[in-house]
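Heads up: the structure comes next, in structure tokens.
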Amino acid sequence: MPANLASPAQPAGQRRTASAPPTTPPAAVAVDLGSSTVGVWAAHRGTITGPCGDALASTSSLVRRGRVLDVEGCISLLSQLIRRYYEPVPAGAVVAACRPVLASEQDQAVLRHVLEAVFAPTRLVFIDTVRAAAIGCGAAAGTLLIADLGAQLTEVALLKHGRVVAARRAEIGTRDLARGGTVDLIAEVVARRVADLRGATAGKDLAPAISRGMLLVGDGAVRPDLGVALSTALRLRVQRGASPRAAALNGAGLAAMSLLPHPTQS
């Protein structure tokens, strides 16, 4: 649930440069900067979400199709969000950030710049969104076929023991349904990506995942018609993940917690 609101402690967009005091343990933070919604989770503080521009427009979008378009806008938005916590998030946090699969080095560098400007982290790691979602759903064990169907980006991946074995992505999502797209079109796109995985991955890895069915997360998972269309197109069982819109952020939060130093090491 979103954290309670508090009065801002500093101007919006102000960047942090100070390091956390040596006696203060670092905070664990997770960030999911999506094309429609941005989410921040901080240990002992909870989750805060907010809209990330207009996903239907091209001029006012901060993030589009999984890529940061407006660096300063994203820095300002994240800075405003974390100021809503009653207990401030100190500089020097350990940050785990969701990253779309197959993100380019340039895309990752831009995202790193945004996160470093806002959090001044002592450690920053990226975790593929599909992997984070599997962790957040408690489904990372074994082999898993997962689809993260977001507002503007669809990611399909085969995971083995929580690691991405192979992945594909498509620049289509639920917001395209308002622009003439159909659930059948999205299902066909996902089916083609699964076929690509079948051709690129050894059958011994994909076959157990196929028999297990597909895990669906993201905005598309809350639409029953999409789940039905996917099941029909893929001819397999499609199961909605727990808290599908927050699954990736929850998983990234668990990853961030695992990176905190043990009390005996501080």
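The residues of the chain are indexed from 1 along the displayed sequence.
Leu111 places a side-chain heavy atom less than 4.5 Å from the side chain of Phe126. Counting heavy atoms from C-beta on, the side chains of Thr49 and Arg245 never come closer than 4.5 Å. Val194 has its side chain within reach of Met214: a pair of non-hydrogen atoms, C-beta onward, lies under 4.5 Å apart. For the pair Ile186 and Asp176, the minimum side-chain heavy-atom distance is 4.5 Å or more.
In this structure a side-chain-to-backbone donor-acceptor pair under 3.5 Å is present from Arg193 to Arg169. Looking at Ser231, its side chain does come within 3.5 Å of a backbone N or O of Leu236 through a donor-acceptor pair. The main-chain N or O of Lys160 is never found under 3.5 Å from a side-chain atom of Thr143 such that the two would form a donor-acceptor pair. Remark: the backbone N or O of Gln152 is paired with a side-chain donor or acceptor of Arg65 at under 3.5 angstrom. Put simply, the side chain of Thr232 gets close to the backbone of Val228: a donor and an acceptor are under 3.5 Å apart.
Here Arg237 pairs with Gln239 under the side-chain hydrogen bond (donor to acceptor under 3.5 Å, both in side chains) rule; sequence neighbours left out. Residues meeting the side-chain hydrogen bond (donor to acceptor under 3.5 Å, both in side chains) test with Arg168, sequence neighbours left out: none. Taking the side-chain hydrogen bond (donor to acceptor under 3.5 Å, both in side chains) definition, one finds that Arg240 meets it with nothing, sequence neighbours left out.
In this model, no donor atom of one side chain and acceptor atom of the other lie less than 3.5 Å apart for Thr174 and Arg223. Looking only at atom types and distance, the side chain of Gln80 has a donor-acceptor partner in the side chain of Ser76 under 3.5 Å away.
Among pairs with a residue in residues 96-110, those fulfilling side chain to side chain donor-acceptor pair (under 3.5 Å) read Arg67-Asp107, Arg99-Gln108, Arg99-Asp128, Ser104-Asp107, at least two apart in sequence or across chains.
For the pairing with Leu145, the side chain to side chain contact (heavy atoms under 4.5 Å, CB included) check across Leu197, Val238, Leu216 returns one residue only, Leu197. Partner Leu77 forms a side chain to side chain contact (heavy atoms under 4.5 Å, CB included) with one of Leu62, Val118, Val114 and no other, that one being Leu62.
For Thr129 against Cys98, the heavy-atom pair with the smallest separation is OG1-CB, 3.7 Å. Heavy atoms only, all atoms of each residue included: Cys137 and Gly241 are closest at SG-CA, 3.8 Å.
Alongside Val101, the hydrophobic cluster contains Leu102, Val130, Leu144, Ile146, Leu159, Val164, Leu215, Val217 (criterion: ILVMFWY side chains under 4.5 Å). Counting side-chain heavy-atom gaps under 4.5 Å among Ile, Leu, Val, Met, Phe, Trp and Tyr, the cluster of Leu254 also holds Ile127, Ile135.
The CG atom of Asp184 lies 9.0 Å from the CG atom of Leu226; values are rounded to the nearest 0.5 Å.
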